[in-house]
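Every chain is numbered from 1, with letters handed out A, B, ... down the list of sequences. The structure presented is a predicted model; accordingly, all values stated were derived computationally and were not measured.
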Protein chains: 2
Amino acid sequence: MTTKDLTAQIIQKKSFLCIGLDVDLDKIPDFLLNTEDPIFEFNKAIIDATHDLAVSYKPNTAFYEAYGIMGWQSLQKTIQYLNTNYPEIFTIADAKRGDIGNTSSRYAKAFLEDLAFDSITVAPYMGKDSVEPFLAFENKHTILLALTSNEGAFDFQTLPLAQNQLYHHVLETSKTWKNASNLMYVVGATKASYFSEIRKIVPDSFLLVPGVGAQGGSLSEVCRFGMNQNIGLLINSSRGIIYADATSNFAQKAREEAVKIQQEMQQILEKNSFI
Amino acid sequence: MTTKDLTAQIIQKKSFLCIGLDVDLDKIPDFLLNTEDPIFEFNKAIIDATHDLAVSYKPNTAFYEAYGIMGWQSLQKTIQYLNTNYPEIFTIADAKRGDIGNTSSRYAKAFLEDLAFDSITVAPYMGKDSVEPFLAFENKHTILLALTSNEGAFDFQTLPLAQNQLYHHVLETSKTWKNASNLMYVVGATKASYFSEIRKIVPDSFLLVPGVGAQGGSLSEVCRFGMNQNIGLLINSSRGIIYADATSNFAQKAREEAVKIQQEMQQILEKNSFI
């Protein structure tokens with residue numbers, strides 16, 4: 001998928017919502033636990049109930065690996081279900097991988113080719129040759145951790161260098177990498193004021209923004225400083241949507257939560273004359 | 001396993017060799033491809049042929065994820081085989097994970113508890129709360145990326161800060177984290193001269209050293225600057241050992257390569273009066 005397709009989908013759905021599929025068997029409705037694949041059944045119901053309100057789904061691989069082979073089967077079925085039934089959806093493997101070149105190639109093939117995700121999140125610490133293998137896939141996207149939404153973001157990411165801060169340098173350096181046009185960035189919403197700094201460095205890239213809602217970020221602030229001429233934002237919500245309810249009515253309640261966010265997004269898109 | 005047990009094993013085996021199980025179906029002997037689980041059969045043969053010469057085995061998860069569910073089954077069988085048959089071995093999940101706190105907890109449980117590895121490699125970019133969930137497991141070890149062996153290491157890890165370089169700061173900061181005594185560090189052998197700097201910051205920790213052999217690092221140089229009073233080094237070799245031969249004789253040839261390294265290590269241990 002191209003970023004142009006993604007922007008078109010955002011305008012059509014009046015939403016730039018990404019739903020995080022971080023599935024925990026302790027939190028999903030009990031009745032699903034009797035099905036053959038509770039994680040997949042949960043995801044399927046959430047996706048079916050929200051696909052017209054979200055442009056992207058993002059399973060975090062940790063939640064699947066936690067269940068071993070069973071979890072990988074659920075992940076595989078989930079991405080296949082998305083690709084088959086909702087091919088317009090921008091899919092994100094939130095895997096935060098990164099290793100030496102030939103090893104990163106393995107991760108890239110696994111997630112972008114075999115599982116056929118549209119994108120994967122990647123950690124920058126190992127530098128250029130750890131990221132470029134992901135960038136080599138045409139019409140696939142590498143979402144590089146820039147400034148994350150957790151407290152530990154301030155341990156290293158904001159360290160002052162001679163000219164700027166480490167995450168600035170990560171952003172700037174990444175622009176020189178081969179196929180850099182396939183880059184997007186993770187930028188935490190808990191620091192909305194950082195967005196204007198970031199937009200000076202990467203004015204055109206899409207930013208994946210976790211931390212709105214449960215983690216305390218403000219959607220309107222993020223949009224004020226982070227939106228660009230192609231919208232350029234994917235706002236993720238996980239727990240606030242998928243665990244809105246733990247009864248047989250969970251998918252409908254998830255939809256209601258997604259509607260609330262979509263309507264706020266629609267207002268912002270209207271205000272900014274995108275629709 | 002405690003680091004004391006690890007040092008005792010090193011002295012008993014006269015070796016601080018870690019063998020990287022980075023299994024590629026294109027590189028293993030053809031006859032194994034007809035078995036039910038070629039990756040596991042390959043690993044089993046390598047382990048059986050070398051377990052008295054190595055103190056540690058390190059499967060890199062990328063090579064297993066590349067084969068999807070089949071790969072995860074092979075990984076699970078490999079760690080089970082090691083834990084059942086050679087419980088003295090220090091096992092490393094080379095996974096380079098790291099995410100926000102509750103997500104890192106999932107990875108930690110998956111690798112340290114369910115798969116029961118002794119340790120896991122972790123990326124530092126997301127800071128304290130992304131690493132501490134791994135450190136919470138008693139007698140398990142978190143091997144933090146400090147200075148890696150690839151070219152991209154110079155993109156960010158060696159960036160100058162006000163007082164020092166980024167990887168220095170990662171090392172120093174990590175020492176303040178809860179259960180920091182469970183930390184080890186990845187330090188690339190292609191930069192042996194860095195080891196004396198690193199030993200000033202983390203004199204007592206074990207260092208996992210990739211990059212000796214195929215990647216060009218010198219064992220004697222690494223030991224000269226990196227060894228401490230508990231030996232404190234695990235030297236990894238992957239391709240040079242496991243792909244020494246692609247015939248039915250592969251395990252014996254792998255053993256011969258491991259013997260060469262073990263003998264060099266024995267000389268170093270003798271020279272330094274550990275044995």
At a 4.5 Å cut-off on heavy atoms, which part of [X] comes close to chain B: side chain, backbone, both, or neither?
| X | answer |
| --- | --- |
| Tyr167(A) | both |
| Asp99(A) | both |
| Glu151(A) | both |
| Ser104(A) | neither |

Between [X] and [Y], does at least one N-O distance fall below 4.0 Å, as a salt bridge requires?
| X | Y | answer |
| --- | --- | --- |
| Arg106(B) | Asp22(A) | no |
| Lys200(A) | Glu197(A) | yes |
| Glu65(B) | Lys96(B) | no |

So, using side chain to side chain donor-acceptor pair (under 3.5 Å) as the criterion, who are the partners of Glu132(A) when residues are at least two apart?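 Glu132(A): no side chain to side chain donor-acceptor pair (under 3.5 Å) contacts found.
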Residues that Asn236(A) engages under side chain to side chain donor-acceptor pair (under 3.5 Å), provided they are two or more places apart: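 Only Ser238(A) meet the side chain to side chain donor-acceptor pair (under 3.5 Å) criterion with Asn236(A).
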Quick check on the structure: residues of residues 171-183 of chain A within a heavy-atom distance below 4.5 Å of chain B, by number.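 Residues of residues 171-183 of chain A touching chain B at under 4.5 Å: Thr173(A), Trp177(A).
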Those residues of residues 119-128 of chain A, ordered by number, that approach chain B below 4.5 Å (heavy atom to heavy atom):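 The list, in residue order, reads Pro124(A), Tyr125(A), Met126(A), Gly127(A), Lys128(A).
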[atom1] of [X] to [atom2] of [Y]: how many Å apart, nearest 0.5 Å?
| X | Y | atom1 | atom2 | result |
| --- | --- | --- | --- | --- |
| Ile235(A) | Leu17(A) | CD1 | CG | 9.0 Å |
| Tyr185(B) | Leu208(B) | OH | CG | 13.5 Å |
| Ile39(B) | Lys44(B) | CD1 | NZ | 16.0 Å |
| Ile69(A) | Met70(B) | CD1 | CE | 11.5 Å |

Contact leader toward chain A among [options], where contacts are heavy-atom pairs under 4.5 Å:
| options | answer |
| --- | --- |
| Asp94(B), Asp114(B), Asp155(B) | Asp155(B) |
| Ala146(B), Pro160(B), Ser130(B) | Ala146(B) |
| Gln157(B), Gln73(B), Gln76(B) | Gln157(B) |

Given Phe134(B) and Tyr107(B), is the ring-ring contact (aromatic ring centres under 6.0 Å, His included) satisfied, shown in steps? CA-CA 8 Å; Phe134(B) 294 98; Tyr107(B) 281 130; 7.1 Å; no
Is the centre of the Tyr243(A) ring less than 6.0 Å from the centre of the Phe250(A) ring?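 No.
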So for Thr148(B), is it side chain, backbone, both, or neither that comes closer than 4.5 Å to the heavy atoms of chain A?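 For Thr148(B), side-chain heavy atoms alone lie under 4.5 Å from chain A.
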Is Val131(B) close to chain A through its backbone or its side chain, or both, or neither, when contacts mean heavy atoms under 4.5 Å?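 No part of it gets close to chain A.
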Grab the two heavy atoms, one from Asp129(B) and one from Gly152(A), that are nearest each other, plus how far apart they are.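 Residues Asp129(B) and Gly152(A), closest heavy atoms: OD1-N, 2.5 Å.
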Should the pair His169(B) and Phe156(A) be assigned to parallel (<30°), tilted (30 to 60°) or perpendicular (>60°) ring geometry?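 Correct class here is perpendicular.
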Phe111(B) and Trp72(B) aromatic ring geometry - parallel, tilted or perpendicular at 30°/60° bounds: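 Correct class here is tilted.
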Greatest number of heavy atom pairs closer than 4.5 Å to chain B - which of Ala62(A), Ala66(A), Ala110(A), Gly98(A):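 When all of Ala62(A), Ala66(A), Ala110(A), Gly98(A) are compared, Ala62(A) has the most.
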